[in-house]
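Heads up: the structure comes next, in structure tokens.
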Amino acid sequence: MHSSPSGPLVIVGAINAYSAMQAELAGHQALYLSGAGVANASYGLPDLGITSLNDVLEDARRITAASDLPLLVDVDTGFGGAFNIARTIREMERAGVSAIHIEDQVAQKRCGHRPHKAIVSLDEMVDRIKAAVDARTDSNFTIMARTDALAVEGLNSAIDRAQACVAAGADMIFPEAVTRLVDYQAFCAAVSVPVLANITEFGQTPLFTQTELGAVGVAMVLYPLSAFRAMSQAAERVYKELLSDGHQRHVLELMQTREQLYHTLGYHEYEAKLDALFNAAANPSTPLSTTTSDTEPPLVLAKRGTQHD
Ligand SMILES: C[C@](O)(C(=O)O)[C@H](CC(=O)O)C(=O)O
Ligand SMILES: [Mg+2]
């Protein structure tokens, strides 16, 4: 993942495969799988370190199968000790993920924008980074260190941690819950690697613009749950109004049309392919045809166990 010369790289959360396709179609260049998003949307759970590696992997695989854009995945605290972290890295590589971020909260983690966070020692965080870097087999796979220390121990401690993580091999730094542009500037000046700003809504960080963040040296701006929050709000209105109004006429403007859906999915291309297959099968001169009469279904599309002899 690289920042563009025109400003910070924008990384957008994709809650599922379809959202990833929508983001790609809108012109985005990098995707994010949010740990909170996996917990909330896929499991109906809060972002408190309840989900497992496999839960996150399953969603990651669905997204990498649907879009070729680089995917940054939130692996929380790495899902265990050094060997678990190594396994996390290898599995993420295998799933076609481009980058992960791993944080210095205790395993019993919280959302980065909530009070009462606790962090592990600097040494333990450095060990997490070393384990991740050591496990990497693809040199292009990016390991981003996230520190939650700012809210817990203050700026100096957070910068110390960022520098220690870079020394241990982290490729990028994610300072969490930053409240001032000057603090982003301090992080960017203190480390030689790209710094990410997490501009999540309704949290501790003001909604700084990409221009403001770029001006203080931020290389990447993350919107982890923006689309998910909008989808959720729209869904809530639809669910309520179907009961209160007895119809959906007033919420149609919140909905994507069938045509927009099909455009995003490439539905018509799939259908054309299917038509071509059937047409080819109906024509005995084509190699696809294995049927004995025009009325029988082609063998290639027949259900298992229903094939004709
Ligand atoms: C980035 C984050 O880790 C996530 O899981 O998406 C969350 C986002 C949020 O809760 O708004 C975090 O900042 O902790
Ligand atoms: Mg998270």
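Hydrogens, waters and symmetry mates play no part in the numbers below; they use all other heavy atoms, side chains included. All values reported here derive from a predicted model rather than from experimental measurement. Every number for a ligand or one of its atoms is a count from 1 in the order of the listing.
In this structure, a donor-acceptor pair under 3.5 Å is absent between the side chains of H247 and E241. When only modelled atom types and interatomic distance are considered, T264 and Q22 share no side-chain donor-acceptor pair under 3.5 Å. N16 and S19 share a side-chain donor-acceptor pair at under 3.5 Å. Looking only at atom types and distance, the side chain of Q256 has a donor-acceptor partner in the side chain of Y18 under 3.5 Å away.
Among residue pairs with one or both ends in residues 203-227, none qualify as salt bridge (Lys or Arg N to Asp or Glu O under 4.0 Å); sequence neighbours excluded. Counting only residues at least two apart or on different chains, the side-chain hydrogen bond (donor to acceptor under 3.5 Å, both in side chains) pairs with a member in residues 215-226 are E201-S226, Q210-Y223.
Looking at ligand 1, you'll find an N or O of R146 within less than 3.5 Å of one of its N or O atoms. Between G35 and ligand 1, a contact under 3.5 Å exists for at least one N or O pair. Between E176 and ligand 1, at least one pair of N/O atoms sits closer than 3.5 Å. The N/O atoms of K109, backbone and side chain alike, include none that comes under 3.5 Å of an N/O atom in ligand 1. The distance criterion of under 3.5 Å between nitrogen or oxygen atoms is met by A36 with respect to ligand 1. Among the atoms of R110, none of the N or O lies under 3.5 angstrom from an N or O of ligand 1.
Regarding atom 7 (C) of ligand 1, its nearest protein heavy-atom neighbour is D47 OD2, 4.2 Å. Counting protein heavy atoms only, atom 14 (O) of ligand 1 is closest to G112 N, 2.8 Å. Ranking protein heavy atoms by distance to atom 4 (C) of ligand 1, first place goes to S34 OG, 3.3 Å.
Once rounded to the nearest 0.5 Å, the distance linking CD1 of I11 with CG of L31 reads 9.5 Å. How far CD of Q29 is from CD of E24: 10.5 Å, rounded to the nearest 0.5 Å.
Applying the side chain to side chain contact (heavy atoms under 4.5 Å, CB included) test to E124 and every residue at least two apart in sequence or in another chain returns V120, S121, R128.
In this structure, F202 falls outside the shell of residues with a heavy atom less than 4.0 angstrom from ligand 1. For the ligand labelled ligand 1, residue R229 lies inside the 4.0 Å heavy-atom shell. Taking 4.0 Å as the cut-off, C111 counts as a neighbour of ligand 1 on heavy-atom distance.
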_Between V166 and S192, is the side chain to side chain contact (heavy atoms under 4.5 Å, CB included) condition met? List the steps._
CA-CA 8 Å; V166 173; S192 53; 4.2 Å; yes
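The atoms of ligand 1 that sit less than 4.0 Å from any heavy atom of T200 are 8 (C), 9 (C), 11 (O).
L207 and T200 make their closest contact through CD2-O, 4.0 Å (heavy atoms, listed as atom of the first residue, atom of the second, distance).
Under the side chain to side chain donor-acceptor pair (under 3.5 Å) rule, T137 has a single partner from R94, E93, R90, which is E93.
Less than 2.8 Å away from the Mg ion (ligand 2), the protein contributes these N/O/S atoms: D74 OD2.
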